[in-house]
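Let me begin by presenting the structure, written as structure tokens, before commenting on it.
Any value given below was found using the heavy atoms of this structure, including those in side chains, with hydrogens, waters and symmetry copies removed.
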Amino acid sequence: MLKSPCMKRLIMLTLIVLSINSASAKVINVDLDEMITIGLEQNQDIKIKRLELEAAEKDIKIANRLQNPQLQSNVVIGNVALGNCSQAGLAFPVEVLKRGIRKKVAAEAYNIKEIELRQYEHNFKLQIMQAYFDVLYAKSVYKIQKDRLKLFEQLVQITTDRPIDSAYYEIDNLKADIQYASQKIEVNRAKSELLSKQFELNKLLNIGNDTFMYDTAESTLLSDWHFLNIKLPDYDFIEKVALKFSYVVRISDYNIKKSEYNLKLVERNRVPDVNIAGGYAWQAHSNSPVNYGGGFVGFGMDIPILYNYTPDIQKAELFLDKNKANKKVYEYQLKYALKTDYNIFKYSAENMEYSNQILEDSKKIVKLSTDNYIKGKNSYSDLVINENAHQDILANYLTAMKRHFYSYLELMQDIGHDILIEDELL
């Protein structure tokens, strides 16, 4: 309940602002599948990730580059040219056994970036699914509060129409008026929460266009929302899928491969690079014959004596061992996380069945109680007690639905792959 007029005014101001903002944008209703498609195609953050992947692809070509030749010259002038020649030519640095393996390191880095993008898209799908559900959840609460407002409006009419000389006429009428006014506040709160969730969904989509807003195709969760009819395979299949297709597992595999190639690259630093040079040599002294010239060749190489790259190799080995250990740790923890998620999902599905039955029985009780009050067979207090109990059951029903859907999303999160989101596997 609101505790001060200031809080009431604050909520009303919030509703006005939200209504103005929403009125300025065109509302487009789409189902969950289309919402996911729109998000994957137009989300600005994903576009940035894809640009980063393109940059990683360029790194492969960069890693495969050849060294540019060097233009070298040595021109002697004066008497020194009598016994010495001037030279002009090119020197070619040659990497020995490094370029190919460096390209493989870059290729594995690209593979990691690509899987990270797929993982980001997968997590983004789950975020859209949760945000979409949250909007439907808020719509359901809003509908329940509006339906309850209609009930109290009906009760105001019933208590007003009763004979004035009947027992508790004035008290029942005042109670109905108070509850009707209080319920209007609850309706406004539910509307405010709904608008908030709708804005959160569009903020998550982040399509870079605020001239329209996306909204759910369904009106509430109280009808048969097909995404809640989730059927998963048995646990063994889920674990097998997770250990084979999980994005994190695949990233771990690529990290191991990258570390292996990087170790080879560091080891090959011990193989000396060479420089091959060649060009034209001549003597430019006035006493020399005009054709007194010829060619020259040169050769040079690095000798890894003072530093033989042992620390680099040891560091690369440590990173390789670390990545192998990381994969084992993740697989070990993944199995327990999957078992936890699977059991939560299984029991939440059972609770949904119980909640459905309880809700149907509660609807019957409210109807019977309302009819009996109209006929004078039970008191107004009994009717309100039954209605409040029904509201609690509705709230518990939505909570059970939320727990069930969230448990599915959590399972998909830990599986780390969207293979089970496909309709043919549900």
Side-chain angles (χ1 to χ4, degrees), residues 1-3 7-8 11 133-162 166-194 196-197 218-225 228-229 344 346-407:
M1 296 294 293
L2 293 176
K3 296 183 179 179
M7 293 180 67
K8 293 181 181 180
I11 283 185
F133 176 88
D134 288 343
V135 172
L136 284 179
Y137 186 92
K139 284 185 174 182
S140 303
V141 173
Y142 180 53
K143 182 181 185 304
I144 289 171
Q145 297 300 339
K146 286 198 301 181
D147 290 345
R148 197 177 191 208
L149 182 65
K150 291 179 181 178
L151 172 65
F152 285 127
E153 185 178 12
Q154 180 185 9
L155 291 178
V156 169
Q157 188 64 45
I158 292 173
T159 56
T160 303
D161 292 343
R162 300 192 78 174
S166 64
Y168 306 111
Y169 164 79
E170 187 174 3
I171 293 177
D172 287 354
N173 189 247
L174 288 172
K175 285 181 178 179
D177 286 341
I178 291 172
Q179 288 174 325
Y180 178 68
S182 299
Q183 187 59 29
K184 284 185 176 180
I185 296 175
E186 296 302 321
V187 170
N188 286 339
R189 283 176 172 168
K191 179 62 174 179
S192 176
E193 180 66 15
L194 171 57
S196 175
K197 293 301 180 181
E218 300 84 1
S219 57
T220 68
L221 289 170
L222 300 176
S223 56
D224 185 20
W225 192 47
L228 287 173
N229 300 323
I344 291 176
K346 182 176 70 174
Y347 290 113
S348 68
E350 291 185 12
N351 289 341
M352 276 297 301
E353 295 179 4
Y354 301 144
S355 297
N356 279 326
Q357 183 60 51
I358 293 172
L359 181 62
E360 292 303 318
D361 292 342
S362 180
K363 289 178 181 177
K364 295 176 182 178
I365 291 175
V366 171
K367 186 178 185 306
L368 290 172
S369 181
T370 304
D371 292 342
N372 288 336
Y373 177 73
I374 294 174
K375 297 174 182 177
K377 294 182 178 180
N378 62 282
S379 68
Y380 181 84
S381 296
D382 291 334
L383 173 59
V384 173
I385 289 173
N386 289 326
E387 168 58 25
N388 288 335
H390 181 64
Q391 291 301 308
D392 290 338
I393 290 172
L394 274 173
N396 290 333
Y397 174 76
L398 289 178
T399 300
M401 192 180 294
K402 186 175 186 178
R403 178 65 269 177
H404 180 52
F405 190 69
Y406 274 30
S407 67

Would you compute the distance between atom [atom1] of [X] and atom [atom2] of [Y] and round it to the nearest 0.5 angstrom?
{"X": "Leu222", "Y": "Ile144", "atom1": "CG", "atom2": "CD1", "result": "5.0 Å"}
{"X": "Asn388", "Y": "Ile385", "atom1": "CG", "atom2": "CD1", "result": "8.0 Å"}
{"X": "Thr399", "Y": "Leu394", "atom1": "OG1", "atom2": "CG", "result": "10.5 Å"}
{"X": "Lys150", "Y": "Glu153", "atom1": "NZ", "atom2": "CD", "result": "9.0 Å"}

Mind checking what makes side-chain hydrogen bond (donor to acceptor under 3.5 Å, both in side chains) contact with [X], not counting sequence neighbours?
{"X": "Asn351", "value": "none"}
{"X": "Glu353", "value": "none"}
{"X": "Asp147", "value": "Lys143"}
{"X": "Lys402", "value": "none"}

Original post:
Does the side chain of Asn396 reach to within under 4.5 Å of the side chain of Ile358, using non-hydrogen atoms?
Top reply: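 The answer is no, as the side chains (C-beta and beyond) never meet within the 4.5 Å cut-off.
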Practice prompt. Taking ring-ring contact (aromatic ring centres under 6.0 Å, His included) as the test, write out the residues that go with His390, two or more places apart.
Written response: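 His390: no ring-ring contact (aromatic ring centres under 6.0 Å, His included) contacts found.
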[X] versus [Y], closest heavy-atom pair with distance:
{"X": "Thr370", "Y": "Leu383", "result": "OG1-CD1, 3.5 Å"}
{"X": "Lys139", "Y": "Leu194", "result": "CG-CD1, 3.4 Å"}
{"X": "Leu221", "Y": "Ser140", "result": "N-OG, 2.8 Å"}
{"X": "Ala190", "Y": "Val141", "result": "CB-CG1, 4.2 Å"}
{"X": "Ile344", "Y": "Ser407", "result": "CG2-CB, 3.8 Å"}

Residues in side chain to side chain contact (heavy atoms under 4.5 Å, CB included) contact with [X], at least two apart in sequence or another chain:
{"X": "Lys184", "result": "Leu149, Tyr180"}
{"X": "Ala349", "result": "His404"}
{"X": "Lys367", "result": "Asp371"}
{"X": "Lys197", "result": "Asp134, Val135, Ala138, Glu193, Glu200"}

I would like to know whether Glu360 and Lys363 meet salt bridge (charged side-chain N to carboxylate O under 4.0 Å, His left out); could you show each step before the answer?
CA-CA 5 Å; Glu360 292 303 318; Lys363 289 178 181 177; 3.7 Å; yes
Derivation of the side chain to side chain contact (heavy atoms under 4.5 Å, CB included) call for Asn386 and Leu368: CA-CA 10 Å; Asn386 289 326; Leu368 290 172; over 6 Å; no
Looking at Ile178, is its backbone amide N or carbonyl O close enough to the side chain of Ser182 to form a donor-acceptor pair, meaning the two atoms are under 3.5 Å apart?
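Yes; at least one donor-acceptor contact below 3.5 Å.
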Gln145 and side-chain hydrogen bond (donor to acceptor under 3.5 Å, both in side chains): which single residue from Lys191, Gln391, Gln183 fits?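 Of the listed residues Lys191, Gln391, Gln183, the side-chain hydrogen bond (donor to acceptor under 3.5 Å, both in side chains) partner of Gln145 is Gln183.
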Could you pull out all residues at least two apart from Lys175 that satisfy salt bridge (Lys or Arg N to Asp or Glu O under 4.0 Å)?
->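 Partners of Lys175 by the salt bridge (Lys or Arg N to Asp or Glu O under 4.0 Å) criterion come out as none, since no residue qualifies.
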(Q) Tell me which pairs pass salt bridge (charged side-chain N to carboxylate O under 4.0 Å, His left out) where either residue lies in residues 385-401, with sequence neighbours left out. (A)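 Those involving residues 385-401 are Arg148-Glu387.
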